[in-house]
Amino acid sequence: MNLIFDTHWVMMLILLPLFGAVACFLWSRQAVTLGLITAVSVLLSVIALTLQVLEQGTLRYAVGGWGAPLGIDLYVDGLSLLMLIVTAVVGVAISVYSSAYFKPGKAKHYWPLWMFLWAALNSLFLSADIFNLYVTLELMGLAAVALVALSGSASALAAAMRYLLISLLGSLFYLMGVALLYHAYGTVDIALLAQQVESSPAVWAAIGLMVTGLLLKIALFPLHFWLPAAHSSAPAPVSALLSALVVKASFYILLRLWLDVFPEANLALSYLLGLLGASAIIWGGIQALYQTRLKLLIAYSTVMQIGYLFLAFPLASIIGWKAVFYLLLSHAIAKTAMFMAAGNILFYGGHDQIADLDRVAQRLPITLTAFGLAGISLMGLPPSGGFIAKWLLLEAIILSGQWWWAIILIAGGLLTGAYVFKVIGFAFTQAEVPHEPRMVPKRMEWVTLTVAVLAIMLGFMAPQLLALMDLGAPFGETMS
Amino acid sequence: MINTIFLYALAGVGLFSLGLYALIVHAHLLRKILAINIMGSGVFLVLVSLADRTQGIAPDPVPHAMVITGIVVAVSATALALTLMLRVRSETGQAELLEEPPK
Amino acid sequence: MNDILWNLLLLSVPGLPLLLAFPPLHSRLPWFRYLAVTPAIIVALMSMTYSIELSWLLFGIGLGIDGQAQLLLGVSALLWIAVATLFSRKTSNSKAVNNLISSLFMLTMAGSFGAILATDLVGFFVFSTLMGYGFYGLLIAGDDLHHQTRRAARIYLVAMIIADVMLFEVLLITALVTENMSFAMAHQGIAQSDYLTLYLWLVVFGFALKAGIWPLHFWLIAVYRHLGSAMAILLCGVPVIIALLGMLRWLPLGETSSITTGVTLQGIGLIGLLYTCFLIFFEWLKNRSFTMITVYTMLLASGLFIIAIGTGLTDATTWIRYENSVYYFIALLSLALAILLALTIRLQQHHTTTTATQVDDNTAMWFERWPATAVAWAGNIGSHTLPEWRSGWLAKVNHLGLLVCVWKRSLAANERNLQGWTVAITLFLTLAAIITLLLIFH
Amino acid sequence: MRLLLMALIIAMAAGLAYAILSLPAESAGLSVYTTENIAISGVTNPVTAVLLNYRAYDTFLELGVLLLALLGVWSLGSTATASQRPSAPGPVLDNLARVLVPILIVVAGYLFWAGAYIPGGAFQAGAVLGAAGVLLILAGWRINHRLVGLPLRISLVLGLVVFAVVGTLFMLTDRQFLEFPPQYAGVLILLIEGLATLSIGIALAALFLGADPEEDDN
């Protein structure tokens, strides 16, 4: 047991994927094996860290032994732990999926980049230092851009270029905010800033810059313009990573700052964010409905689901935060399954025109089942994880008395239902253009189904997950 | 003394804004990449100049270290961006983002 | 507002539909179907808690309105308006049949409103029974009945009778235990008596049969297969929802805990959920009938409801916390299902009538055409309720159709514009400015 | 649109300027802490102390960013077109390279060594080394094809890996990651800096070259 409680699992989570990346880079012929070994070991480390944290409570780790404000601190509470867990789960699934998806020529580039992305995500979720967050944000952004460009097509390259510029722009806005905060308070540690921050021009400017920079990276409507192209032109496992994790990482930073650093909740601003979220739900849903390509449809669905995450801001209640966080987790898993399913379909038919799906249902039944199950979670039908999240959100809405958000919630659910059924409907029909199918590796299909079932299973894990979220009270103390 | 420090910081803001403007209005990707770099320089200037408000003793070294970190990040990103631009050009024949809205 | 007016208003919610059920009355009134819903809407819109005792009726019936009842009443009234609109199209040639249908319609409506307002066991039982048999009448009324429909209606009737017998037993047990039959007093009395477990199981069984909850769902699916749009919405929105409400009202939730019963119910609910998931899955693979999938979705929801009830029975404190959300759940469920059903059934009919061969290829297409469908639906409402304006409406509908096209195109164009670099970054800066301003002027 | 844009940017600049001017005119930042701990940091140059000791984790990740950028560039494949291939260098460039490269390497060595007490350090030295590499590439020099594969890659990751290994080693002796014992801090920082300089220099030159030389050979 000592092994579990005494090892520095926090650092292992960052170092393991980093060493994995280096190993995949050095011995690119064995990249797949090395990558899978790393993936499994990261998952085991996350489990160990969870046990450690459950036993010893929240964890603050002073890298270099200096401690804030001089050094950099890492911090683990329920929020970061769950992000790490969902990253590990999605990560392992994606690793297994990509081990069959990429041809050797691409695989040798893919694996080190993906391992780097994983390291970036883990270090981002662990960091308690706003400048360190900037570095991890850039690490994540560059890895994501390189992964988008991996397919090498003209559209992918253009999307990657645009994504890179946007990502850098967002980061610079964020960094300017960091500069102002540092020079105003002489520290970049989140906990120390939280104690000192008060209303002043520098703080207003800093928050304005940081929030907008992050919104750009999160792709909240109307700043979503870069997302559909980037997420739809990347290779399928990469799309899954981007939608499930990368966008969420920026949201995680925003959530952390909002809950800890920013001085007293600003009502008008939170309403603005809620309003943008609501518009994102409607706009994203309608656009998704009109798409003719499957991956674009799923990408717009991400635009829409991002909107849900912002509904908690005007509610400003613990249960509201928990609801959107739950939604974030279940969306991450469901969206992974959905993009994997789209990847299978693309792999099989060589295209993803929805109208020409050509009886995929009969030929790839496992994939289509997975797509349907993921769709159930996105729609928020019982008993999926999405249902629990929307239920909690509804409860928060009722408690706050702001019933108009409930209308958005329901409209969003109906829109999701509509576009999911649209895809499933076409999956049964015969296409006019015959095409030569390519066999999909069994491994890819089964991983997709497993992840989709997991998205449903999330609905049954509510008590445990909600209890984990309470660790360290990231959303504030519960009144009880 | 104080005035010059703030003057440098304001110059940083100026660079940041100029870079932002250039980033939006120029279509050519090379200009956009340069514009991002100029914006970055603006941020670095703000960071580094305000570190010297220590009244006599040596300036605060932490922002300096941050700037060095930031510069390396900027260099890396620029390198990636330039290569990407070359690839975009060799695939599409022009170094611009194609999806500009119809005027 | 004074008490007499309130008394009258509250009474007229179930009273007016009852009154209008008489053929001489409704055959002379225009728009009587909408008229009958009016008091319900008024009461639903007034925010007030009020109750009356009608000691002169039967064993003494109580009617009352509070927040929960208001919500359900409002949603239910909306459903009735929608159904009334759909019904007005589907009239028979024979005047007698028409009158009969209208009367049954009114009776069912009176029963449903009364059940929502009832504050005691007897009142609820009476009104819900009225509604149940009224609905059976609606099922079998009409000239050209398919024999399958008759058979389904028979199954429904048998289920109703068994359920009502159970619930009548419950009434007797309660009367044995307590004098006062109001929900609050009955719960108190039954919670302390030896009959608690029997009471719980009888109530659950009776209402589960009425609501068609797994494993008692057989009649629901059988009936469903042969229903038109209006009746399907009605079935979903009224008898099933009232039965769910019955369970909420009759069970002493939050006042006593019965672990065994609760856990068993949770288990049943869970199995039901899984079973329904399989049903949905096979339906997708096999027939792809969206109507049936909607019904299964309702089964899913009711399975979940049973789990919630089970939880309420095991843990009273949790229940008190979540009680309100369960009411919202019911109300929203009925609304959402009705909308889904209305769209699905209408469009499936539309497809079968256009070209029989293309049905398989195009069933999913309607989702893309939903704006046009909504317009057509609105057009139908207009043309049937206000025949004299029909031509004007048609013109407007065509105009709206054009608008939808334009709208769709402009949506796409807007999205393209948003994707443009300059517009996007300008928006970004505007947002930054707004956010900072909001921070400053906070 | 243009006008709106300019107005917005000017407003933003004005707001930022106001925010900066509202900052206190005096602020020591963290300089108090840095000078307090400089004695046990292993170096005397405070910036190097921050970079390689207090906030060494940032620097560690940043080496990762550099390596990642190189991975990204290599994953994009070859962009070289005929016009980009340098033709044979003229005699001026050739001779200049012959003279300058040794000087640059010496300068890099000095910068790296000086970083411990005066401005300088791994990144500055690495940048100069990278410049030497660029000059060599411009002069038509190519890395020996036997060194192109694993040896080149190992030299690229060396800085990052040694950084991580040194940091991890002390984790085993009841310390945190990257927590250097004060008595060894100076030596360790020198070791890390030296290897990092090498990696950074090679990485920068490789970034200039573009595609993976191993693939270019094929």
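Chain letters run A, B, ... following the sequence lines, proteins first and then strands; every chain starts at 1.
- To the nearest 0.5 Å, atom CG of residue A:L139 and atom OG of residue B:S76 are 9.5 Å apart.
- Using a 4.5 Å cut-off between heavy atoms, A:L175 touches chain B through backbone and side chain atoms alike.
- A perpendicular orientation is assigned to the rings of A:W226 and A:H231, their planes being inclined by more than 60° (bins at 30° and 60°).
- For chain A, no part of B:A35 is nearby; none of its heavy atoms comes within less than 4.5 Å.
- Heavy atoms of A:A149 lying under 4.5 Å from chain B belong exclusively to its side chain.
- Aromatic ring orientation, A:F131 versus A:Y134: tilted (interplanar angle from 30° to 60°).
- Side-chain atoms of A:K106 and A:S151 form no donor-acceptor pair, as typed in the model, at a separation below 3.5 Å.
- If you measure heavy-atom distances from A:V145 to chain B, the contacts under 4.5 Å come from the side chain alone.
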